[in-house]
Amino acid sequence: MNPYSSIVEELSLRIHRSLSLRGLTIELSELMSEVVEPPSREMGDLGIALHKYAKRLSLEPAQLAEETKGFLNDLPGLLGVKAISGYLNVTYSPEYIAKVTISSVRSVKNYGYVPSEKTLKVIIEHTSANPIHPLHIGHGRNALLGDTLYRLLSNRGHLVQRRFYINDTGRQVALLTFGYKLINRRPSENVKPDEWLGRLYALVNLLIELRDIRNELNKLRSRLESRELSELEEEKHRELLKKVDEVTASLGKLWEADKELFDEVSRALMEYEGDPEEEILRIMSSYERGEEWAKSLVREVVDRALAGIRETLSKLGVEFDKWDYESDLVWSSLVNEVVSKALSSPLYIRHKGVDALDVQRIASQQVLKKLNIDIGGEIPPLIIRRSDGTILYTTKDIAYSIYKFADSNADLVINVIGAEQKLPQAQLRLALLALGYVREAENLVTYIYEMVTIPGLKMSSRRYQIVTLDWLLEELYRRARDEVDRRRQDLSESDRAKIAWTIAIAAARFSMASYDPLKPLNFNLNKVLDLSGNSAPYILYTHARASNILKKAGDIEWDLIDYSYARNEVIKELIWLVMKYPQVVAEAADKLSPEVLGNYIVRMADCFNKWYESERIIDEEDKPYRALKLAIVFGVKKSIAHGLTMFGVTPLDTI
RNA sequence: GGGCCCGUGGCCUAGCAUGGAUAGGGCGCCGGCCUUCUAAGCCGGAGGUCCGGGGUUCAAAUCCCCGCGGGCCCGCCA
């Protein structure tokens with residue numbers, strides 16, 4: 001159900017006929033995409049710039065426009081055609097547009113559901129945070145973009161599967177497991193497991209780092225006293241001192257967060273007799289080999305972290321269909337197969353003494369274009385495995401990519417991933433191609449988003465400098481709750497809590513998913529927490545207004561509607577917005593651009609509020625007009641509600 | 001050094017893929033609007049070298065080139 005598109009098609013068909021008769025062959029679809037809404041409605045409802053076609057026909061644009069007018073005579077709903085300096089603008093009878101729109105809205109249950117002609121099997125992998133710490137707001141951007149894309153694509157009728165890749169075989173998990181084993185204690189009851197593990201990870205990491213730095217300092221110090229240091233070494237000395245300060249500061253924060261844990265870990269590490277590095281390595285390689293002791297230990301740690309991560313995600317309404325352990329891939333033959341294929345590939349090289357794929361060699365202009373890779377310069381070789389034989393992340397990711405396609409016979413796999421991973425993702429796709437996985441290489445889309453930064457803070461989970469999603473949600477809830485309490489004393493405590501939670505989640509989701517992923521997000525709390533302006537709470541508020549009107553008005557008397565009332569400017573605008581809504585949701589999905597939809601529903605809310613302030617709806621005495629007004633409210637409410645669900649926000653009937 | 005991304009009123013941003021008509025919002029600021037469907041709202045106002053310079057074009061915020069500024073990447077980390 002896409003009334004806008006039907007109307008555009010009708011118009012395009014006629015222009016197409018006109019141009020064809022002059023000998024110009026163009027695809028109808030091309031013409032359809034040229035049809036736009038003119039800058040203002042006085043110029044017309046729809047228009048098209050004919051300049052480029054005029055040029056191809058060696059005609060004056062104005063003349064072509066003028067002569068095309070005649071072809072539109074039998075256009076349904078046509079009120080007038082104007083040819084203005086090469087533009088052909090069409091005005092429809094408001095009555096016709098209102099009728100088309102309202103019957104569309106009324107005839108389907110899920111207005112806004114626009115299945116595409118081709119149903120695809122899509123896998124969207126997102127979030128995939130390392131299971132060693134709580135999710136921070138950067139992961140939030142990933143998760144919320146990913147989940148919104150999932151909702152948009154599902155709304156296009158595609159079969160979408162959400163997958164979370166658990167990166168459990170790297171060094172980071174091994175380090176955490178080392179710490180976990182070291183203190184031999186389970187997470188405290190009163191703290192989220194991921195939070196607790198995050199502290200443990202940072203503690204172990206920082207204490208080891210501090211020890212290493214001190215060792216280096218000591219080496220330099222003895223010679224510093226005898227003034228044997230070169231300028232370079234003095235520089236290094238200064239840097240080390242600075243590092244000590246940084247590490248100490250982070251440790252201070254950890255001490256404050258959990259003194260007991262701090263003491264426990266530092267004592268245990270002091271008493272530890274072996275070399276932590278060696279033990280971490282032993283855990284890592286034993287786990288990769290699938291030795292039972294390592295398996296049970298690492299999985300225990302990882303699953304505890306995941307439990308916490310899941311809890312946060314589920315608060316936000318983000319769910320997954322499959323949780324894929326990297327280790328399962330390693331233990332299966334898949335990773336080994338990839339490695340042996342790589343070793344026998346024509347692109348195989350020894351690079352700095354290790355096995356690598358020289359992906360640069362297949363990175364011709366055509367290939368880069370085909371795979372949509374924007375890397376201009378040299379693409380470094382992809383290292384397959386470390387000299388000790390352990391496998392590197394990107395190699396495992398090759399196996400995982402193959403697995404994702406094979407496991408559910410996917411047509412398309414989307415990886416939502418931070419911009420800093422653009423190069424490895426390009427290497428990955430080139431490697432797939434090199435190893436003969438052409439379909440996989442061509443249908444793997446990397447959906448890049450830029451960093452989330454916090455003014456004045458360099459986020460680092462290694463240093464326990466993160467703003468967690470849990471914290472953000474609590475903070476949002478607190479603010480929303482204050483506001484709800486202030487306004488809605490009439491509601492019960494539990495209703496107010498429910499509303500405040502919805503607002504908090506809406507604010508988080510909308511602020512993250514409704515603007516350009518390629519722009520670095522300077523996370524300004526005041527902006528996200530702002531409940532006015534073009535924000536999710538504003539949209540929720542508008543939706544509640546519309547709901548309220550419908551509730552108070554009673555049933556809509558559809559048969560009474562007199563469409564000829566749809567004449568005033570705001571009403572016309574609102575009807576067009578509702579009519580175009582399905583088109584916009586479809587576009588947002590096809591372009592993988594949630595922000596397109598976000599902007600649109602804000603615009604619709606603006607228009608509705610403007611109308612709301614200017615005219616009475618329920619009190620309209622003219623019955624046929626009242627019925628029309630209510631039908632419009634109904635359409636707006638339906639559209640906004642649908643838009644909100646695309647962002648994973650529950651539309652509220654009262655706020 | 002090389003590559004990629006971003007640059008739009010004081011601040012945040014839409015529009016850029018596929019060039020098209022008057023650059024659209026929000027925050028903040030100034031002035032108004034609650035006896036009437038929820039004022040998280042609405043109305044009015046001030047505020048713009050679309051980073052700069054060239055080029056292509058009938059037409060450039062949008063495309064190309066050269067710069068400038070910011071971020072990221074160029075690891076036997078992920």
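By convention in this document, chain letters (A, B, ...) are assigned in the order of the sequence lines, proteins followed by strands, and residues within each chain are numbered from 1. All of these numbers come straight from a predicted model, not from anything done at the bench. All values below come from the heavy atoms of this structure, side chains included, with hydrogens, waters and symmetry mates left out.
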- Query: Considering only the C1' atoms, how many Å lie between B:G19 and B:A61, rounded to the nearest integer?
  - Reply: 10 Å
- Item | Separation of atom CG in A:D516 from atom C1' in B:C12, rounded to whole Å | 13 Å
- Item | Integer-rounded Å distance: B:C72 C1' and A:L521 CG | 15 Å
- Task: Specify the separation, in whole Å, of atom CD1 of A:I618 and atom P of B:U38.
- Result: 7 Å
- Does A:D622 pair with A:R626 as a salt bridge, N-O distance under 4.0 Å? no
- Item | Salt bridge present between A:K422 and A:E450 (N-O < 4.0 angstrom) | no
- Query: A:R141 CZ to B:C6 C1': how many Å, rounded?
  - Reply: 11 Å
Side-chain donor-acceptor pairs of residues 592-605 of chain A under 3.5 Å, sequence neighbours excluded:
unit_1	atom_1	unit_2	atom_2	d
A:S593	OG	A:K591	O	3.0
A:N599	ND2	A:E595	O	3.1
A:Y600	OH	A:L577	O	2.7

- Take the protein atom CG of A:D530 and the nucleotide atom P of B:G25, then report the distance between them rounded to whole Å. 18 Å
- Of all the choices, B:G20, B:U38, B:C77, which nucleotide is nearest to the side chain of A:A544 once you look at every atom? B:U38
- Item | Carboxylate-amine/guanidinium contact A:E587 A:K580, below 4.0 Å | no
- Please determine, for B:C4, whether a Watson-Crick or G-U wobble partner exists with both distances under 3.5 Å, and give it or none. B:G71
- Between B:A23 and B:A46, how far is it from one P atom to the other, in whole Å? 15 Å
- Check whether any side-chain heavy atom of A:L306 sits under 4.5 Å from a side-chain heavy atom of A:P131, and report yes or no. yes
- Message: Tell me whether A:E125 is salt-bridged to A:K404, with the criterion being a basic N under 4.0 Å from an acidic carboxylate O.
- Response: yes
- Task: Answer yes or no: side-chain N or O of A:D397 and base N or O of B:A78 forming a donor-acceptor pair under 3.5 Å.
- Result: no
- When you compare B:G15 with B:U62, how far apart are their C1' atoms, in angstrom units rounded to a whole number? 9 Å
- Below 4.0 angstrom from OP1 or OP2 of B:U38, is there any side-chain N or O of A:K552? yes
- Task: Would you indicate what A:P61 reaches in the nucleic acid, counting non-hydrogen atoms under 4.0 angstrom: base, sugar-phosphate, or nothing?
- Result: nothing
- Nucleotide nearest A:N534 when distance is taken to its side chain, options B:U36, B:C4, B:G26: B:G26
- Message: Taking the nucleotide of RNA chain B with the nearest heavy atom to each, does A:K52 or A:T654 sit closer to the 5' end?
- Response: A:K52
- Message: Rounding to an integer number of Å, can you tell me how far A:E450 CD sits from B:G7 P?
- Response: 11 Å
- Item | Spacing of the C1' atoms in B:U8 and B:G52 (rounded, Å) | 14 Å
- Per A:L518 side chain, nearest of listed nucleotides B:U38, B:C5, B:G20: B:C5
- Message: When the C1' atoms of B:G9 and B:G3 are compared, how many Å lie between them, rounded to an integer?
- Response: 33 Å
- Query: So what's B:C29 paired with, Watson-Crick or G-U wobble, going by both distances under 3.5 Å?
  - Reply: B:G45
- For B:C58, does OP1 or OP2 lie under 4.0 Å from any side-chain N or O of A:K55? yes
- Message: The side chain of A:M43 is closest to which nucleotide in this list: B:C76, B:A21, B:G20?
- Response: B:A21
- Item | Among B:G20, B:A17, B:U38, the one nearest A:I655 by side-chain distance | B:U38
- Message: Work out how far the C1' atom of B:U57 is from that of B:C65, and round it to whole angstrom.
- Response: 16 Å
- Query: Looking at A:K629 and A:D619, does any basic side-chain N land under 4.0 Å from a carboxylate oxygen?
  - Reply: no
- Which glycosidic conformation, syn or anti, is assigned to B:C74 if syn requires a torsion within 90° of zero? anti
- Is the distance from OP1 or OP2 of B:A14 to the nearest side-chain N or O of A:K519 less than 4.0 Å? yes
- Message: Classify A:E620 by what it touches in the nucleic acid, base, sugar-phosphate, or nothing, heavy-atom distance under 4.0 Å.
- Response: nothing
- Task: Sugar-phosphate atoms are those with a prime plus P, OP1 and OP2; base atoms are the rest. Using that split, label each nucleotide of nucleotides 41-46 of chain B B, S or - for protein heavy atoms under 4.0 Å, 5' to 3'.
- Result: BSS---
- Item | Separation between the P atoms of B:C27 and B:C42, rounded to whole Å | 8 Å
- From the list B:U36, B:U22, B:C76, which nucleotide is the closest neighbour of the side chain of A:I383? B:C76
- Item | Gap in Å between the two C1' atoms, one belonging to B:G69 and one to B:C50, rounded | 16 Å
- Query: Could you give the distance from CG (A:N130) to OH (A:Y201), rounded to the nearest 0.5 Å?
  - Reply: 8.0 Å
- Counting Watson-Crick and G-U wobble pairs only, both distances under 3.5 Å, name the nucleotide matched with B:G20, or none. B:C58
- Message: Tell me the closest heavy-atom pair linking A:L357 and A:I349, and the distance in Å.
- Response: C-CG1, 4.4 Å
- In whole angstrom, what separates A:K422's NZ from B:A78's P? 22 Å
- Message: Between P on B:A59 and OH on A:Y53, what's the gap in Å once rounded to a whole number?
- Response: 19 Å
- Message: Using OP1 and OP2 only, check whether a side-chain N or O of A:N548 sits under 4.0 Å from B:U38.
- Response: yes
- Taking for A:L88 and for A:R386 the nucleotide of RNA chain B with the nearest heavy atom, the one nearer the 5' end belongs to A:L88
- Query: NA contact type, A:Q421, heavy-atom cut-off 4.0 Å: base, sugar-phosphate, or nothing?
  - Reply: base
- Query: Rounded to the nearest 0.5 Å, how far does NE2 of A:H51 lie from CD of A:E60?
  - Reply: 10.0 Å
